[in-house]
Amino acid sequence: MEISRENLLKLVNEALKILPNSYAPYSNIHVASAILTESGRIYLGVNVENSSYGLTICAERSAISAMITNGDRKPVAIAIVTDLEEPIPPCGACRQVIAEFNPEAVLIMYSAKTHNYIVKNLKEIFPQPFIVKK
């Protein structure tokens, strides 16, 4: 599915609005995510760290959880916005979770600090996800 530049910019702007809500007292890496689904709805999430590091949830999985909670199942584009100098890709766990719902999702990774961005298809950065045929 081709994602318009306008939709990608809209996702980045939605994620920028919630970036201050990120809770990152340990890494000081703030991340927000906005997901556009096949239905046209947008879901948001931020990273929420915990002193027991394994309990931390990434912004992308937070947004996926909101998507599933609201009955949507297919993300077509995902913005990942950070306050770092350079855009960051999703971690391995997030790549796997995104691939569960759409291994061909478009990712826009964006730095709120420098306005640098990278657009990739998930398959480009995660070519062999673990997917069980349903």
Side-chain angles (χ1 to χ4, degrees):
M1 171 183 240
E2 188 74 23
I3 306 300
S4 71
R5 178 177 166 82
E6 292 77 26
N7 278 338
L8 291 177
L9 290 173
K10 181 176 182 179
L11 287 178
V12 166
N13 285 328
E14 291 298 314
L16 282 168
K17 289 178 191 174
I18 62 165
L19 186 59
N21 298 344
S22 164
Y23 180 73
Y26 305 102
S27 71
N28 289 313
I29 299 172
H30 297 273
V31 183
S33 183
I35 295 176
L36 173 66
T37 63
E38 190 172 55
S39 71
R41 295 176 71 188
I42 293 176
Y43 299 95
L44 306 174
V46 295
N47 60 324
V48 180
E49 294 182 350
N50 190 280
S51 59
S52 177
Y53 295 125
L55 300 179
T56 294
I57 186 167
C58 299
E60 300 91 311
R61 285 183 283 145
S62 177
I64 289 274
S65 294
M67 177 188 79
I68 297 301
T69 298
N70 284 282
D72 256 329
R73 293 287 187 267
K74 189 167 184 185
V76 293
I78 302 171
I80 303 153
V81 174
T82 184
D83 61 353
L84 296 176
E85 292 280 332
E86 293 299 323
I88 57 173
C91 73
C94 289
R95 293 175 197 204
Q96 178 61 43
V97 170
I98 295 165
E100 175 80 14
F101 298 100
N102 184 4
E104 297 189 15
V106 173
L107 308 175
I108 181 164
M109 298 154 277
Y110 182 85
S111 165
K113 187 177 265 187
T114 62
H115 309 291
N116 290 337
Y117 67 93
I118 301 165
V119 177
K120 297 269 185 188
N121 185 290
L122 179 62
K123 278 189 151 182
E124 292 179 77
I125 65 169
F126 196 55
Q128 294 182 309
F130 178 80
I131 297 178
V132 176
K133 300 280 186 197
K134 298 174 189 168

Drop me the distance from [X]'s [atom1] to [Y]'s [atom2], to the nearest 0.5 angstrom.
{"X": "I3", "Y": "I108", "atom1": "CD1", "atom2": "CD1", "result": "11.0 Å"}
{"X": "I68", "Y": "T37", "atom1": "CD1", "atom2": "OG1", "result": "10.0 Å"}
{"X": "L36", "Y": "E38", "atom1": "CG", "atom2": "CD", "result": "10.0 Å"}
{"X": "H30", "Y": "L84", "atom1": "NE2", "atom2": "CG", "result": "9.0 Å"}
{"X": "I78", "Y": "I35", "atom1": "CD1", "atom2": "CD1", "result": "4.5 Å"}
{"X": "L107", "Y": "I98", "atom1": "CG", "atom2": "CD1", "result": "5.5 Å"}

>> Does either side chain, that of Y43 or that of N70, offer a donor lying less than 3.5 Å from an acceptor on the other one?
In response: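 On atom types as modelled, these side chains do not qualify, holding no pair under 3.5 Å.
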> Can you pull the ring-ring contact (aromatic ring centres under 6.0 Å, His included) pairs that have at least one residue in residues 9-28, sequence neighbours excluded?
Replying inline: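 Those involving residues 9-28 are Y26-Y53.
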> Shared ILVMFWY cluster between I80 and I125, side chains joined below 4.5 angstrom?
Replying inline: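 Yes, same cluster.
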>> Please check: side-chain N/O of S111 versus main-chain N/O of T114, any donor-acceptor pairing under 3.5 Å?
In response: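 Yes: the side chain of S111 pairs with the backbone of T114.
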>> A side-chain contact here means heavy atoms from C-beta on lying under 4.5 Å apart; do P90 and M109 qualify?
In response: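 Yes, side chains in contact.
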> Do you know which of I64, N47, V48, V46 makes side-chain contact (heavy atoms from CB on, under 4.5 Å) with I57?
Replying inline: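 So, applying the side-chain contact (heavy atoms from CB on, under 4.5 Å) to I57 and each of I64, N47, V48, V46, only V48 qualifies.
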